[in-house]
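The structure displayed is predicted, hence computed values, not measured ones. Order of listing sets the numbers, starting from 1, for every ligand and every atom in it.
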Amino acid sequence: MTFQQDHLLGIEPLAPTEITALLDLADSYAELNRAEHKHGDALRGLTQVNMFFENSTRTQASFELAGKRLGADVMNMAMQASSIKKGETLIDTAMTINAMHPDLLVVRHPHSGAVDLLAQKVNCAVLNAGDGRHEHPTQALLDALTIRRAKGRLHRLSIAICGDVAHSRVARSNLILLGKMENRLRLVGPPTLIPGQFAEFGCEVYEDMEEGLRDVDVVMMLRLQKERMDGGFIPSEREYYHRYGLDAEKLSFAKPDAIVMHPGPMNRGVEIDGTLADDINRSVIQDQVEMGVAVRMAAMDLLARNLKTRRAAA
Ligand code: NCD
């Protein structure tokens with residue numbers, strides 16, 4: 001089989017052929033999700049546990065729906081109320097869950113690397129739903145599927161990722177994925193929010209939106225992640241919106257058919273104009289949410305197939 005992974009911890013270990021295989025399968029799940037009967041049976045009999053140590057609206061809902069549509073028993077652990085608060089370590093929590101024989105474990109954690117660590121301790125497939133500033137692989141995959149469906153291809157596109165790159169696992173995973181698929185990548189934002197290490201991804205860096213957006217096919221906006229900032233990154237939100245907030249005027253520098261993306265949650269009037277975000281002729285933000293369910297179905301389906309093969313061979 002083309003998809004060789006035991007876990008989905010990041011985009012980093014994926015080959016371009018694995019990305020394409022996953023997106024192809026997700027395309028077929030997107031069709032299923034638009035049908036009246038939305039059920040498949042790829043995960044029938046399996047148990048999926050969602051452990052979110054950080055707040056989430058769409059990612060958690062999307063993983064839950066994806067598992068249910070494919071027939072898994074889905075359990076959401078309320079991590080805010082869990083024994084973590086009583087001082088249990090991440091590993092102890094993982095071992096406890098592991099003893100309940102889950103097949104798929106979906107984890108979001110505020111610390112970069114925490115999900116990788118956990119994957120070494122359990123004997124099921126682990127999916128990273130976002131770890132610190134490190135990776136958010138299903139977000140990058142759903143963004144890729146949205147771009148591929150809107151543009152008809154996922155290579156040789158000019159893509160600008162704008163705003164708070166420094167704190168964004170979404171930006172990191174997207175840079176890795178879109179780079180692997182051979183696109184031209186630009187980062188646009190104030191220098192305080194685009195640290196030097198991003199040069200290693202081989203992208204052009206712009207401080208000015210007009211220059212950075214010129215003739216791009218895709219404009220990907222990022223949320224200003226205030227909860228990860230310890231002050232001093234921007235002069236004021238008003239000033240930030242003036243220079244970096246995407247509105248119709250700044251978008252006019254991009255190609256006439258450029259699409260607008262945002263992973264959500266959005267700060268309207270901070271990084272993006274609300275009217276533009278809702279403009280279905282330019283914004284694909286709702287498509288991103290729709291593709292999120294399909295991509296998570298595909299990811300869990302492929303990992304479950306590999307898990308079953310591994311267990312049968314053991
Ligand atoms: C992102 C996240 O949590 O990393 N949201 C999401 O998963 N859709 C981006 C963000 O929080 O800004």
Set out, in order, the CA-CA distance, both residues' side-chain angles and the distance that settles side chain to side chain donor-acceptor pair (under 3.5 Å) for D143 and Q288, then state yes or no. CA-CA 6 Å; D143 289 339; Q288 288 173 271; 2.8 Å; yes
Residue of the set L23, L178, D287, V284 for which side-chain contact (heavy atoms from CB on, under 4.5 Å) holds with I147: L178
If we ignore hydrogens and angles and just use 3.5 Å, is the side chain of E237 paired with the main-chain N or O of V270 as donor and acceptor? no
Residues with a heavy atom under 4.0 Å from ligand 1, by chain and number, are R58, T59, R108, H136, Q139, R169, V170, R223, Q225, P263, G264, P265
For R223, which of M221, E227, K226 qualifies under side-chain contact (heavy atoms from CB on, under 4.5 Å)? E227
Parallel, tilted or perpendicular: which describes the rings of F53 and H109, with under 30° parallel and over 60° perpendicular? tilted
Between E135 (side chain) and I11 (backbone), is there a donor-acceptor pair under 3.5 Å? yes
